[in-house]
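Letters go in sequence order (proteins before strands), and every chain restarts at 1.
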Amino acid sequence: MRVRVRELIAVAHASGRSDGIFVDRDIPSIIVEKPKSEEFGDFSTNLAMLLAPIEKKKPRDIAVLLTERISADERVEKCEIAGPGFINIFLKESYWTGLLSEIIELGPDFGKHESNGKRVQVEFVSANPTGPLHIGHARGAAVGDALCRVLEAAGFDVTREFYINDAGMQVVRLGESVELRRRELNGEKIELGENHYKGDYIIDIARAYQKALDDSKSDPSPEAARDFAVQAMLGIIKGDLAAFGVEFDTWQSERDLDAKIIDAIDELKDKGHVKNEDGAVWLKTEALGDDKDRVLEKANGERTYFASDIAYHREKIRQGFDQIVDIWGADHHGYEARVRAAMQALGFDDSLFSVIFIQMVSLLRDGKPVQMGKRSGDFVSLKQVLDEVGSDACRFFFLMRKSDAQLDFDLELAKKEASENPVYYVQYCHARICSLIAHAADKGAVISKAPNDQLLKNLVSRDDLDLIKRLSLFEDVIIKSSEVMEPHRVTYYLQELAGAFHSYYNKNRVVSDDPDLTGARLQLCGAVKTVIRNGLTILGVSTPEKM
RNA sequence: GCGCCUGUAGCUCAGUUGGAUAGAGCAUCGGCCUCCGAAGCCGAGGGUCGGAGGUUCGAAUCCUCUCAGGCGCACCA
């Protein structure tokens, strides 16, 4: 929406430029805003103020020249100058009803933008395969998945990737834990170490592992236990994600990168970014913005996690993505600088790389903190939360905050089917319109899915037009949300739209004695329903027709 | 000590990336169902935008300093 107005203004300026009224120079990008107060029009721009230094004239004088040309556009009702030089633009009613017609026509595609030809990879969750997903992972999953949907709507070609940390000590410990439990099942007395995983799921895996050994008549080994356990864990994780409605396109195993790690280190050596010190091999990241240099190969010959992460990101970039997004827990924020440094060392432009940090979730029950600890086995898993509060409320709660703010998640509040739970507020709006349309059909109103431009001309009241204007903002929200990679903006928009509709509904009779107005308003309400639906779908939240 | 994030209404948080009189929800108080869903609506109260300077036509937003909280500063992953 805003883009269209921006074009309108750009055309006005350009025509003045070719007529010699304005200095023939490139201008700063035009900023179009929706003013807070209606008296300032449907849209406003500060272009005149930005042009002042270039034109060497007073902003208000420039504004006069601009408004003359903007007013000439047939879509413009009037155009005013205000304050220090704001230009306020009012659009014609016919423009807005025309836009409503477009929304109805597009239906589920309203808010989706044409492909921009750019490929973006988003890596998220990437939980260690050593336990089921917990509530912290859930936030990353909700934000990551919603971000992907926002990016898709904005025209990106999106790949969702899960990185599997299946190398290193943690999965060795996982294998050991399973092996110990297997022996225990066979009657041995065992003792779990401090670093072993103690959740009940380990016993389930051990049982399955024993069965697999029996079936294949093979002997247990640390490697077999580890590999079996990792595969079993991935099965559990995929199940948890499926219950949450999250699917990945690609699953990248850390262990499969082994050969690439050597390549990457060799390349870094060739480029002169590597040094040997204290028996270890280091990457000189300090010169590239990191706090200090980092070890790639330990003195004992093992490679660090950082080394495989370099190879991992090198592979990502080599796949030709235009943008790469990593979603990490906020406790990893210190890690960003070294990854960027490594990218630069490899000769890549690290501006294609961005990291979104997901802050901690404090799980509460009735205001009191719930203890979590992965190894002790008494953590609250995603599955438990989903069983208790459901996927919709869970997703909505995680998308109500910007991701880099800490979040208190109260199980009892999320569970409440009451007004204090905002997810129902938005869903209720959708259900209410569904029922309204059904009611209208009972009363014999004609309901068509296609826009009826003749009918829509009846929408002339301020309330009708305001609702259309609010619908039109959806496009802008998607674009903005994708640009800054903040899906929570969609959540806020939907709450506002739902609020606007509820208010409209209480004030205005939709199904009335006037068949034309009834028909027109039903089309408007249908459009609200469409936008609520399109928005909730982006958040991964369902749109019930009855509640 | 260094770095990142966060300080906005009693509480939980938005704030269109510098714009016009700072906004929602919850909570509190007062209204609205003989009529399309009251999981709703209308109204009221409540603010030195943590603090102090600075940049300019204009600052919650940008810069510097400062205070408070969270999280990181591994040859762990």
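Residue-to-nucleotide proximity on RNA chain B shows that, of His439(A) and Ser403(A), the 5′-proximal contact is made by Ser403(A). Heavy-atom nearest nucleotides on RNA chain B were determined for Tyr305(A) and for Ala330(A), and the one closer to the 5' end corresponds to Ala330(A).
At a threshold of 4.0 angstrom between heavy atoms, the contacts of Ala167(A) are confined to the sugar-phosphate backbone, with no base atom among them. Across all strands, Asp290(A) comes closer than 4.0 Å to no nucleic acid atom at all (heavy-atom distances). Contacts of Asp476(A) with the nucleic acid, taken as non-hydrogen atoms under 4.0 Å apart, are absent. No engagement by Phe306(A) is indicated, since no non-hydrogen atom pair under 4.0 Å with the nucleic acid exists. Within the nucleic acid shown, Val484(A) comes within 4.0 Å of at least one base atom, counting heavy atoms only. Residue-level contact check: Phe357(A) touches neither bases nor backbone, having no heavy atom under 4.0 Å from any strand.
Atom CE of Met400(A) is separated from atom C1' of G25(B) by 8 Å (rounded to the nearest Å). One interatomic measurement links the two molecules: CG of Leu494(A) to P of A24(B), which rounds to 18 Å at whole-angstrom precision. In this structure, CG of Asn300(A) is placed 12 Å from C1' of C76(B), rounded to the nearest angstrom.
Judged by distance alone, the side chains of Gln359(A) and Asp404(A) never bring a donor and an acceptor atom under 3.5 Å apart. No side-chain donor-acceptor contact under 3.5 Å links Thr285(A) and Arg338(A).
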Is there a side chain to side chain donor-acceptor pair (under 3.5 Å) between Glu545(A) and His430(A)? Walk through the geometry before answering.
CA-CA 7 Å; Glu545(A) 303 201 344; His430(A) 183 267; 5.6 Å; no
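Checking the phosphate oxygens (OP1, OP2) of G15(B), a side-chain nitrogen or oxygen of Arg489(A) falls inside 4.0 Å. The side chain of Lys480(A) contributes no N or O atom lying less than 4.0 Å from OP1 or OP2 of G15(B). The side chain of Tyr425(A) contributes an N or O atom lying less than 4.0 Å from OP1 or OP2 of C41(B). Side-chain N/O atoms of Ser503(A) include one lying less than 4.0 angstrom from OP1 or OP2 on C42(B). Side-chain N/O atoms of Lys292(A) include none lying less than 4.0 angstrom from OP1 or OP2 on C2(B). An OP1 or OP2 oxygen of C5(B) is reached within less than 4.0 angstrom by no side-chain nitrogen or oxygen of Lys402(A). Contact annotation: His332(A) side-chain N/O to C5(B) OP1/OP2 distance is not under 4.0 Å.
Between the side chain of His502(A) and the base of C41(B), no donor-acceptor pair of N or O atoms lies under 3.5 Å. Judged by distance alone, with hydrogens and angles left aside, Ser44(A) brings a side-chain donor or acceptor within reach of the base of A20(B), the pair sitting under 3.5 Å.
In this structure, the side chain of Thr45(A) engages the main chain of Ile31(A) through a donor-acceptor pair within 3.5 Å. With hydrogens and angles disregarded, a donor-acceptor distance shorter than 3.5 Å links the side chain of Trp282(A) to the backbone of Glu277(A).
A stacked arrangement is not assigned to Tyr492(A) and the six-membered base ring of A14(B), the conditions of a centre distance below 5.5 Å and an interplanar angle below 30° not being jointly met.
Among the nucleotides A77(B), C71(B), A20(B), the one closest to any side-chain atom of His333(A) is C71(B). Which of A77(B), A20(B), A38(B) sits closest to the side chain of Asn88(A) comes down to A20(B). Among the nucleotides A38(B), U17(B), A77(B), the one closest to any side-chain atom of Glu33(A) is U17(B). Of the candidates U17(B), C36(B), C13(B), the closest approach to any side-chain atom of Ile31(A) belongs to U17(B). Closest approach to the Arg401(A) side chain among C13(B), C41(B), G15(B) is made by C13(B) (side chain taken as heavy atoms from C-beta onward). When the nucleotides A20(B), C71(B), A14(B) are ranked by their closest atom to the side chain of Phe40(A), A20(B) comes out on top. The side chain of Asp404(A) lies closest to U6(B), out of U6(B), C36(B), G19(B).
Under the 4.5 Å side-chain criterion, counting only non-hydrogen atoms from C-beta, Phe86(A) is in contact with Met49(A).
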